[in-house]
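Here, residue 1 is the first one in the sequence, and each next residue gets the next number.
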Amino acid sequence: MLIVGTGFGGIGTAIELKRAGFTDFTILESAAEPGGVWRDNTYPGAACDIPSPLYSFSFEPNPRWPKRFSHQPDILAYLRRVIAKYGLEPHIRYHREVTAAAFDEDRGLWRVETGTGETFEANVFVPAVGQLSRPVLPDIPNRESFAGDAFHSARWDHDVDLTGKRVAVIGTGASAVQFVPELRKRAQHVTVFQRTPPYVMAKSDPSYRRWQHWLFEHLPPTQLLGRLRIFLLAEYATYAMTRHPALAKMFELRTAQLRRRHIKDRELRAKLTPSYPLGCKRILFTNDYLPALAQPNVDVETRRIAEITEKGVRVEDGTEIEADVLVYGTGFAATQFLGRMEVRGLGGRSLDDEWSGGARAYLGMTVPGFPNLFCVYGPNTNLGAGSIIYMIERQARYIRQAVERLARPEVSYVDVRPEVEERYDREVQGRLGRSVWSACTSWYRQADGRVTTNWPGLVTEYDRRTRRFDVADYRVA
């Protein structure tokens with residue numbers, strides 16, 4: 001078995017397999033160390049916007065999270081501890097970026113090539129590279145002409161001293177709302193270029209005290225109750241966004257109250273007021289972003305960017321806003337689920353061609369004509385609310401059951417039936433078409449309106465639908 005990636009998806013799948021007695025697997029990692037997005041995103045203020053009691057493996061709670069919403073170093077340390085505890089390090093091969101994978105029908109094997117020139121063979125191929133791992137730079141004219149330092153937030157250049165500098169930030173997504181308040185403290189001036197304002201909600205983010213750590217460690221149900229409470233709140237938020245829009249109005253009112261509390265300037269408040277339904281774009285949880293925008297050394301610029309110049313950014317009316325440093329908080333290629341891999345299945349068919357109209361997979365994992373390939377955090381498994389790790393655990397369970405079936409000597413491969421995947425995709429897209437995620441342009445959607453990222457329902461529904469690997473859904477050879 002081959003797993004690609006050492007983020008939560010790859011590690012969670014490996015642990016599920018190992019706990020079931022399957023140890024003949026290899027994990028390929030393109031970087032020099034594990035961690036996925038929590039290795040790569042080291043920008044100032046980097047943290048998770050899901051509370052840690054839920055953003056962690058259910059079978060491996062951490063009683064010593066320092067805060068409810070943990071920061072990047074603590075999440076990365078947790079992932080490394082899990083890798084060590086479950087003995088996964090010997091299975092990992094670093095500096096192996098997968099460039100191509102092809103299925104050999106006669107042998108029932110995947111042949112996987114890496115950038116080092118090595119080739120690996122395995123009967124099961126599990127890409128777990130995630131939706132938010134490949135940074136995207138915007139297509140702005142003359143982007144390369146800027147004379148100063150420029151970098152994406154996911155590739156933060158810590159050698160650049162921002163003290164006393166004029167910093168231009170392009171983008172106002174989940175990363176930007178975390179690093180802008182930190183930039184404001186160091187920089188002389190920060191200009192935030194905003195295309196559309198996000199919905200911002202406050203987060204209750206206390207530090208855990210010693211007595212709480214003691215309780216979590218010695219009376220685990222106390223932490224489990226906290227996890228359950230967060231889980232139920234996330235399910236309620238999903239229900240409000242997907243099935244009962246009137247309930248979402250309550251959340252809209254809370255965001256409006258937050259803007260009035262922190263933004264006294266009416267013109268600025270108008271700039272920061274969304275004009276689309278709540279939930280259509282990702283809701284951002286932060287206590288620092290709005291207060292930072294109200295500071296005298298921060299400007300919010302809503303004029304369209306025309307080009308990047310040698311000295312800064314030129315906007316649509318010809319005004320040039322000078323900067324010493326450009327920081328791109330412009331997100332990720334969320335709809336490119338397998339990155340730069342060239343994947344070929346039965347008859348040499350290309351997965352890129354199969355997905356030319358938008359990525360799709362049965363239960364977000366399997367694609368007709370690509371036997372024994374199981375995506376983790378694949379198409380339509382992202383969440384508008386809740387923890388993706390919950391989804392990853394369900395996918396890992398499903399994959400483990402498939403591996404158990406493939407362990408039988410009479411089974412060479414399983415290939416999801418086209419009619420099963422087609423029926424599933426019609427249902428999912430029909431539901432998404434009626435959801436809030438189809439109400440505006442966002443990274444959830446393609447240009448043609450197809451939503452390829454999000455799951456349309458509650459996570460408990462996904463749990464139910466992936467609880468059993470039903471061999472009747474597959475062609476077995």
Side-chain angles (χ1 to χ4, degrees), residues 37-38 40-52 55 67-73 75 131-132 135-136 138 151-156 162 167-187 189-205 237 251-252 254-263 265 268-276 278-295 297-302 325-332 334 382-385 388 440-444:
V37 296
W38 298 110
D40 296 339
N41 286 267
T42 61
Y43 58 81
C48 188
D49 58 2
I50 300 297
S52 292
Y55 195 83
K67 300 183 72 177
R68 182 173 292 160
F69 291 84
S70 292
H71 282 237
Q72 175 265 339
I75 299 171
Q131 295 186 20
L132 305 176
V136 168
F151 48 86
H152 191 281
S153 62
R155 301 292 184 265
W156 197 273
L162 299 170
V167 182
V169 174
I170 299 176
T172 55
S175 298
V177 302
Q178 293 180 345
F179 68 71
V180 164
E182 299 301 317
L183 283 183
R184 198 274 311 168
K185 298 173 186 176
R186 308 180 194 180
H189 192 274
V190 177
T191 303
V192 178
F193 289 87
Q194 172 189 277
R195 186 168 56 181
T196 52
Y199 277 99
V200 172
M201 296 191 69
K203 63 180 181 180
S204 175
D205 190 20
F251 294 105
E252 286 191 26
R254 292 178 66 180
T255 65
Q257 290 171 349
L258 199 65
R259 286 192 298 274
R260 285 195 296 270
R261 183 188 312 160
H262 294 297
I263 307 297
D265 182 276
L268 177 57
R269 196 190 310 155
K271 288 182 179 181
L272 300 176
T273 301
S275 59
Y276 53 88
L278 180 138
C280 183
K281 298 177 185 285
R282 187 166 180 84
I283 303 168
L284 307 181
F285 292 84
T286 170
N287 295 327
D288 305 320
Y289 183 62
L290 293 180
L293 298 185
Q295 298 303 310
N297 68 332
V298 179
D299 285 333
V300 176
E301 180 57 66
T302 57
V325 180
L326 288 183
V327 180
Y328 293 100
T330 46
F332 302 87
N382 185 60
L383 301 174
I388 191 59
C440 69
T441 301
S442 73
W443 63 264
Y444 297 148

Show every salt bridge (charged side-chain N to carboxylate O under 4.0 Å, His left out) that has at least one partner inside residues 193-203, sequence neighbours left out. none
Please report the closest heavy-atom contact between [X] and [Y], naming both atoms and the distance.
{"X": "Ala202", "Y": "Leu258", "value": "N-CD2, 3.5 Å"}
{"X": "Ile263", "Y": "Ala294", "value": "CD1-CB, 4.0 Å"}
{"X": "Ala154", "Y": "Pro135", "value": "CB-CG, 3.8 Å"}

With the side chain counted from C-beta on, respond yes when [X] and [Y] share a heavy-atom pair under 4.5 Å apart, and no when they do not.
{"X": "Tyr444", "Y": "Arg282", "answer": "yes"}
{"X": "Arg186", "Y": "Pro44", "answer": "yes"}
{"X": "Lys281", "Y": "Pro198", "answer": "no"}
{"X": "Phe151", "Y": "Val327", "answer": "yes"}
{"X": "Pro274", "Y": "Arg259", "answer": "yes"}
{"X": "Ser70", "Y": "Tyr55", "answer": "no"}

Restricting to salt bridge (charged side-chain N to carboxylate O under 4.0 Å, His left out), what partner residues turn up for [X], sequence neighbours left out?
{"X": "Asp265", "answer": "none"}
{"X": "Lys67", "answer": "Asp205"}
{"X": "Asp299", "answer": "none"}
{"X": "Lys185", "answer": "Glu182"}

Donor-acceptor under 3.5 Å (Gln178 side chain, Ala47 main chain): yes
Checking Thr330 side chain against Val136 main chain: does a donor-acceptor pair fall under 3.5 Å? yes
Distance from [X] atom [atom1] to [Y] atom [atom2], nearest 0.5 Å?
{"X": "Thr42", "Y": "Trp156", "atom1": "OG1", "atom2": "CH2", "value": "9.0 Å"}
{"X": "Ser153", "Y": "Tyr328", "atom1": "OG", "atom2": "OH", "value": "12.0 Å"}
{"X": "Trp38", "Y": "Ile75", "atom1": "CH2", "atom2": "CD1", "value": "4.0 Å"}
{"X": "Thr196", "Y": "Leu272", "atom1": "OG1", "atom2": "CG", "value": "11.5 Å"}
{"X": "Leu268", "Y": "His262", "atom1": "CG", "atom2": "NE2", "value": "12.5 Å"}
{"X": "Ile388", "Y": "Leu383", "atom1": "CD1", "atom2": "CG", "value": "4.5 Å"}

Set of residues satisfying side chain to side chain contact (heavy atoms under 4.5 Å, CB included) with respect to [X], sequence neighbours excluded:
{"X": "Arg260", "answer": "Ala256, Gln257, Arg269"}
{"X": "Thr302", "answer": "Gln194, Lys271, Val300"}
{"X": "Val177", "answer": "Leu284, Thr286, Tyr289"}
{"X": "Ser204", "answer": "Arg68, Pro206"}

Quick one: side chain to side chain donor-acceptor pair (under 3.5 Å) partners of Asn41, sequence neighbours excluded? none
Taking only residues two or more places apart in sequence, or in another chain, which ones meet Phe332 in a ring pair (Phe, Tyr, Trp, His ring centres under 6.0 Å)? His152
Test ring pair (Phe, Tyr, Trp, His ring centres under 6.0 Å) applied to Tyr199 - qualifying residues, sequence neighbours left out: Tyr276
